[in-house]
Amino acid sequence: MTAGAGGRPGAAGRFASAVFGIAVLVFVLAPLLWLALRAFAGSWTYPHLLPSQWSLRWWSQVWDTPGLTSSIRLSLIITPIVTVLAMIVCLPAAYAIARYRFPGRQLVLMTIFATNAFPRFGLFITMASLFYSLNLMDRMAGVVIVQLIGTIVFMTWIPAAAFAAIPPSLEEAARDAGAGALRTFFTVTLPLAAPSILVAVILSFLAAFDEAQGTFLVGSPDIVTMPVQMYSLIGNYPDQVAAVFSIMLSIPSVLLLSLVRRRVLGGTIAQGFTIR
Amino acid sequence: MTTTLQLHNITKELGGNRVVSDLSLDVAAGELVCLLGASGCGKTTTLRMIGGFLTPDSGRIVIDDEDHTATPPEHRPTAMVFQNYALWPHMTVAQNVGYGLRLRGMTKREVATRVAHLLETVGLSHRADSKPVAISGGEQQRTALARALVLEPSVLLLDEPLSNLDAKLRVRVREQIRALQQRTGTTMVFVTHDQEEALALADRIAVMNAGRIEQFDTADAVYRHPATEFVARFVGTMNLLDCTLTPGSAKLDDGTLLPVTGPVEPMSSSGATGRVRLAIRPEDVRLDDPDGTPATVIRQVPLGHYREVVLGVGGVELRAFTGAATATPPTVMVSASRAVGYPLAPA
């Protein structure tokens, strides 16, 4: 080993980790940078390293295309609906999984996990035939259900772990002080699990926002969300339009993460989990 | 004397084990009762049934002459101090204490006044706006106590509340709890495995073993007159000698006669004469009785205000406490000033 004794990295170790850090940075940031340049490029030809002309015309083209703006609107309507529904459906389930040893508990956990562990397209095909008979194809409700599937694993597993980490005596103390079961949940359990639930909400929101396969299958031709729109953009428009659009597609992620960065990485999570 | 809490023939099974078995208990108003026993004896289960966190399989729980056997915890006139305190980490000390009052629909001002008063009582006024993580273990303990007391419960339940404190603090908080109890007249049921704690605190002690109460009496009675051999072993230090009782002495198995100068208290009809298991407190062993039987000192341990001496008498070891300031000579003449006899199972 080139690392020094006692686990302190030597010069070689420091060099290796620096190289690794830079590699990760390039790997993550370079495509985004290229995308950004591309979106504002008027003319960018070989062998120029940077675009020789800058332009906003791709952005105006995106704004002027009616299909594109409606997809943005649809995404911004559907995603919050899916996220809120996921909370309503999954949080009680997460609590039950964390607190009660009911028969089939393990099976429920595995099933939820399995929906994410296998390629989802097979599931979507099966769902499509079911949705035809239920008249859910090309309907908002169908798209919401399809997107809900991708959020379940986040909204169940993460909060379940958070609920399980809360000592039952904290809830008993609330009952002892005169709070009913529901009030105990909302005044003690939920606030203590909030940091983890926040993480789950963000991941669910992004999973729903980015969902394209199922939405495409169930929603087309009329329900076209932003990621579905990307497919046709790539085929039918110049590259630059797709670049503009994918930047717009990543705005929610950036916004959400910067909004909650301090809450998630700061004290709240740590505080929630140090007290036993 | 009015009875605040009555348990009638409580039985509870958990995971196929009978944890509490046909247990009955009466606690008078303003009394502090300790449930004393080793871990697994059912004392905490009993307390949790009183608090409403468990429902007995059979039997009745009566508080203030009302049947509360099936009442959920939020509607019981009880309040609990949990072993790990169970303070809510997202609330300040004052919010923790005020939580129950806010639920009762008191105005903000009323809550603030009451909380301030109680925090003063437990000496935590300066910590009102701290979060539980930021205060010491002793302060957390007092916060939990204040949170329970503010509800003005008919019965205050304490589940090993001192076990997470260090030894010195434990004694101090113990005295504070006792003083608080006498000042407020709160009826308390206090669960502990520490017999010294029980002896120091309790008006009456219920010594528990295997889901039953072996003895329920004052600290003095439990110590001086242990009703069963289990109590004799569990509470305090006790010498247990198998011997044959004759008037005035105990004949040990090798024939040695240990004089018993005082009364022998029989704990069953067969405990008075013949083969018994004799229980002698170390402080009841006299080391300077001219009529005693000779014994050799095996070892002695000075423990500050007293001295523990282990003696060899007739092939068995006998433990004695003596207040003498000087070392005990290598051979002494011993006798017992009083003893309790228990029936000996036939060999």
Side-chain angles (χ1 to χ4, degrees), chain A residues 91 94-96 98-103 105 158-159 161-201 260 262-276, chain B residues 15 44 47-48 50-54 71-91 95-106 111 115 131-135 137 140 143-153 155-161 164:
Chain A
L91 289 183
Y95 188 78
R99 276 286 185 266
Y100 307 110
R101 295 285 166 272
F102 53 88
R105 176 176 170 274
I158 297 172
F163 288 142
I166 297 170
S169 62
L170 293 189
E171 295 173 349
E172 286 175 349
R175 299 292 297 273
D176 199 47
L182 217 56
R183 192 190 292 267
T184 299
F185 182 78
F186 282 110
T187 56
V188 172
T189 318
L190 204 57
L192 288 176
S196 297
I197 292 175
L198 195 63
V199 171
V201 165
V260 299
R262 283 196 50 221
R263 285 189 65 85
V264 171
L265 299 179
T268 328
I269 260 194
Q271 204 181 48
F273 288 97
T274 43
I275 269 225
R276 279 294 128 91
Chain B
T44 295
L47 196 75
R48 290 175 62 79
I50 302 172
F53 303 109
L54 290 171
T71 313
E74 60 265 34
H75 296 132
R76 285 198 190 208
T78 58
M80 180 111 134
V81 176
F82 291 82
Q83 185 173 8
N84 61 2
Y85 315 139
L87 300 175
W88 302 302
H90 58 303
M91 300 184 198
Q95 286 168 338
N96 264 279
V97 175
Y99 181 84
L101 297 181
R102 292 198 299 278
L103 292 185
R104 293 185 181 180
M106 283 190 188
V111 173
V115 168
K131 289 277 175 75
V133 274
I135 62 178
Q140 291 179 2
T143 306
L145 195 62
R147 185 177 67 181
L149 277 173
V150 84
L151 303 169
E152 296 179 343
V155 188
L156 182 67
L157 309 171
L158 303 106
D159 185 9
E160 307 235 13
N164 287 331

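Per chain, numbering begins at 1; letters A, B, ... match sequence-line order.
Taking both residues in full, the closest heavy atoms of A:Ala173 and B:Ala86 are given as CB-O, 3.9 Å, listed atom of the first, atom of the second, then distance. Residues A:Gly178 and B:Leu103 approach most closely at C-CD1, 3.5 Å, considering heavy atoms. In terms of heavy-atom proximity, B:Tyr99 sits nearest to A:Thr184 at OH-CA, 4.4 Å.
Evaluated for a side chain to side chain contact (heavy atoms under 4.5 Å, CB included) with A:Leu170, the options B:Phe82, B:Tyr85, B:Trp88 yield exactly one hit, B:Trp88.
In this structure, B:Pro72 and A:Arg175 have side chains that are in contact, with non-hydrogen atoms separated by less than 4.5 Å.
For B:Pro153, no part sits under 4.5 Å from any heavy atom of chain A, backbone or side chain. Residue B:Arg104 does not touch chain A at all, counting heavy-atom pairs closer than 4.5 Å. The parts of A:Ala174 that come within reach of chain B are both its backbone and its side chain, each placing non-hydrogen atoms under 4.5 angstrom from that chain.
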Side chain to side chain contact (heavy atoms under 4.5 Å, CB included) between A:Asp176 and B:Phe53, intermediate numbers included: CA-CA 9 Å; A:Asp176 199 47; B:Phe53 303 109; 3.8 Å; yes
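Considering NE2 of B:His90 and OG1 of A:Thr187, their distance stands at 6.5 Å, rounded to 0.5 Å.
Within 6.0 Å of CZ on A:Phe102 lie more than 12 heavy atoms contributed by other residues, nucleotides or ligands.
Taking the charged nitrogens against the carboxylate oxygens, B:Glu74 and A:Arg183 have no contact shorter than 4.0 Å, which rules out a salt bridge.
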